Amino acid sequence: MEKKDRAIKDKRYEDKHKAERKAKCMVWGTSVPREKAEEINEFLKKYGYTKVQLIEAGYNALIEQAAENDTDLAKIMDGYDDFFGFEGIDKKKTE
């Protein structure tokens, strides 16, 4: 009986907080071939990484790779503002 009561409480909690959870996180229902998934899991366990860290590192690596071919993206990533060329104009105004 105790397990049933707990299950009912858990269900109520989940139903109550479902929208909050969906707004906070996203779950991707994707599949990876079993052999590759086992290889990845073994690596993560061996070195103490999480799947979230794997995704973030992969995303950052892909951004870097994309920036090599996209100058605008590279400027944004480097925090580069194209203000050169305006220095002379500002200097003339102050003289």
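From a predicted model like this one, the values you see are computed outputs, not experimental measurements.
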Any salt bridge (Lys or Arg N to Asp or Glu O under 4.0 Å) involving residues 61-71? Give me the pairs, sequence neighbours left out, ordered by first then second residue. none
Determine whether Asp5 and Lys9 satisfy the following criterion, salt bridge (charged side-chain N to carboxylate O under 4.0 Å, His left out), listing intermediate values before the conclusion. CA-CA 6 Å; Asp5 291 338; Lys9 287 179 184 178; over 6 Å; no
Just list the side-chain donor-acceptor pairs under 3.5 Å for residues 16-33, sequence neighbours left out, or say none.
unit_1, atom_1, unit_2, atom_2, d
His17, ND1, Tyr13, O, 3.0
Arg21, NH1, Glu14, OE1, 2.8
Arg21, NH2, Glu14, OE1, 3.3

Please identify which of these residues, Glu42, Glu35, Lys36, meets the side-chain contact (heavy atoms from CB on, under 4.5 Å) condition with Glu39. Lys36
Set of residues satisfying side chain to side chain donor-acceptor pair (under 3.5 Å) with respect to Asp15, sequence neighbours excluded: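 With neighbours one apart ignored, the set is Lys11.
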Qualifying ring-ring contact (aromatic ring centres under 6.0 Å, His included) pairs with a residue from residues 52-72, counting only residues at least two apart or across chains: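 Counting only pairs at least two positions apart or across chains, no ring-ring contact (aromatic ring centres under 6.0 Å, His included) contact touches residues 52-72.
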Hey, can you pull the donor-acceptor pairs under 3.5 Å for the side chains in residues 43-56, sequence neighbours left out?
unit_1, atom_1, unit_2, atom_2, d
Thr50, OG1, Val52, N, 3.4
Thr50, OG1, Gln53, N, 3.0
Thr50, OG1, Gln53, OE1, 3.4
Gln53, OE1, Thr50, N, 2.8

Partners of Leu62 by side chain to side chain contact (heavy atoms under 4.5 Å, CB included), sequence neighbours excluded?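 Partners of Leu62 by the side chain to side chain contact (heavy atoms under 4.5 Å, CB included) criterion, ordered by chain and then number, come out as Gln65.
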